[in-house]
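Both backbone and side-chain heavy atoms feed into the values below; hydrogens, waters and symmetry mates do not.
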Amino acid sequence: MERIKSIFSWIIPIAVGLLLALLIQAFLLVPVTVNGDSMLNNLKNGERIWVFKTEKVHRGSVIVFDAKKEDPGIQAGEKDYVKRVIGVPGDKIEAKNGDIYVNGKEISQKYISSYNRTTGTSNWTLKTLSSGNSPFVSGKSHWIDGKAITVPAGNYFVLGDNRSKSEDSRYFGFVKKIHVLGIAKVFPWASRHQEINDVWKNFFVK
């Protein structure tokens, strides 16, 4: 009897710990490894980040989403994408010479270099991206041809920080809210934590 009690005395704490870990991972946060260079220089290939599942998505938030359900051109072995939210439902978005405007207001892009802003961004609106004549889309997108004027309800428009190396909403269209796994965060002592965690607080040029 004493032996059984002794066994249970260490089995129960382990079981409770495992259960708590599973609950945290299922409902609160989960670790993710960055795959690729689309978020350079803020997130590097192979970098470990945390995804918070319950935080609100803002313009400027960095999100992780199920890419297999969004990008028809996804590469073999890839599963999740890490991108930055530029537009939320109802937003009109356009790019001019590396500057990006949301509802006519220029957004601040201090979180990326001038090179990243101007190389690979090009000039576009949501309508031109969805027209079928976009240099980005090349026939593999989820766009509604020629009819996308604003970000639809339940969707986001996302871009990678490394614009010339990013497969994002310019190519495959809007990201559905139901496919978003959560908000990406890095620890406060990480060198680029403000560019990942805090951009949404000062999204527009003042």
- Task: Report the C-alpha separation of E70 and F65 in whole Å, then their side-chain angles, then the decisive distance to 0.1 Å, and conclude whether the side chain to side chain contact (heavy atoms under 4.5 Å, CB included) test is met.
- Result: CA-CA 9 Å; E70 295 292 351; F65 60 93; 4.0 Å; yes
- Query: Checking side chain to side chain contact (heavy atoms under 4.5 Å, CB included) for the pair N202/K110: CA distance, chi angles, key distance, verdict?
  - Reply: CA-CA 10 Å; N202 297 286; K110 293 180 180 179; over 6 Å; no
- Could you walk me through whether I183 and I63 pass the side chain to side chain contact (heavy atoms under 4.5 Å, CB included) check? CA-CA 5 Å; I183 304 292; I63 63 171; 3.9 Å; yes
- Just do the side chain to side chain contact (heavy atoms under 4.5 Å, CB included) check on F172 and I74 with the steps written out, would you? CA-CA 10 Å; F172 53 74; I74 189 171; over 6 Å; no
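Panel note: side chain T128, backbone W124; no donor-acceptor pair is recorded below 3.5 Å. Under the 3.5 Å distance criterion, the side-chain polar atoms of R117 are matched with a main-chain donor or acceptor of I112. Checked by atom type and distance alone, the side chain of N197 pairs as donor or acceptor with a backbone atom of V186 at under 3.5 Å.
Take K165 and apply the side-chain contact (heavy atoms from CB on, under 4.5 Å) test, not counting sequence neighbours, and it matches N162. Every salt bridge (charged side-chain N to carboxylate O under 4.0 Å, His left out) that D168 has, sequence neighbours left out, goes to R170. Scanning for salt bridge (charged side-chain N to carboxylate O under 4.0 Å, His left out) contacts around K201 gives D198, with sequence neighbours left out. A search for side-chain contact (heavy atoms from CB on, under 4.5 Å) contacts involving W50 returns L29, P31, F52, F187, not counting sequence neighbours. Partners of K127 by side-chain contact (heavy atoms from CB on, under 4.5 Å), not counting sequence neighbours, listed by chain and number: T125, I149. Applying the side-chain hydrogen bond (donor to acceptor under 3.5 Å, both in side chains) rule to S38 yields the partners K83; only residues at least two apart in sequence or on another chain are considered. Judged as a side-chain contact (heavy atoms from CB on, under 4.5 Å), and not counting sequence neighbours, the contacts of S113 are Y115, N116. Applying the ring pair (Phe, Tyr, Trp, His ring centres under 6.0 Å) criterion to H193, with sequence neighbours excluded, gives no partner residue. The ring pair (Phe, Tyr, Trp, His ring centres under 6.0 Å) search around F174 returns W143, not counting sequence neighbours. Looking at residues two or more places apart in sequence or on another chain, you find no side-chain hydrogen bond (donor to acceptor under 3.5 Å, both in side chains) involving S131.
Considering only heavy atoms from C-beta on, L43 comes within 4.5 Å of V82 through its side chain. At least one side-chain heavy atom of V64 sits less than 4.5 Å from a side-chain heavy atom of I49. With contacts defined as side-chain heavy-atom distances shorter than 4.5 Å, the pair R163/Q109 qualifies.
Within the model, atoms CZ of F136 and OG of S169 stand 12.0 Å from one another, a figure rounded to the nearest 0.5 Å. Between the NZ atom in K185 and the CD atom in E55 there is a gap of 4.0 Å [rounded to 0.5 Å]. Remark: Y171 OH to S134 OG distance equals 8.0 Å, nearest 0.5 Å. Annotation: the span from N35 atom CG to K79 atom NZ amounts to 12.5 Å, rounded to 0.5 Å. Rounding to the nearest 0.5 angstrom, the gap separating the CZ atom in F203 from the OH atom in Y111 is 6.0 Å.
Closest non-hydrogen pair, A148 versus S130, comes out as N-OG, 3.3 Å. When all heavy atoms of V34 and N45 are compared, the pair lying nearest together is O-OD1, 3.5 Å.
For K177, the NZ atom is loosely surrounded, since the number of other residues' heavy atoms within 6.0 Å does not exceed 12.
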When the side chains of residues 93-106 are checked against the rest of the protein, which donor-acceptor pairs come out under 3.5 Å, sequence neighbours left out?
unit_1: N103; atom_1: OD1; unit_2: K92; atom_2: N; d: 2.8
unit_1: N103; atom_1: ND2; unit_2: D91; atom_2: OD1; d: 2.8

Sequence neighbours excluded and cut-off under 3.5 Å, please list the side-chain donor-acceptor pairs for residues 154-161, or say none.
unit_1: N155; atom_1: ND2; unit_2: A153; atom_2: O; d: 2.9
unit_1: D161; atom_1: OD1; unit_2: R84; atom_2: NE; d: 2.9
unit_1: D161; atom_1: OD2; unit_2: N42; atom_2: ND2; d: 2.8
unit_1: D161; atom_1: OD2; unit_2: R84; atom_2: NH2; d: 2.7

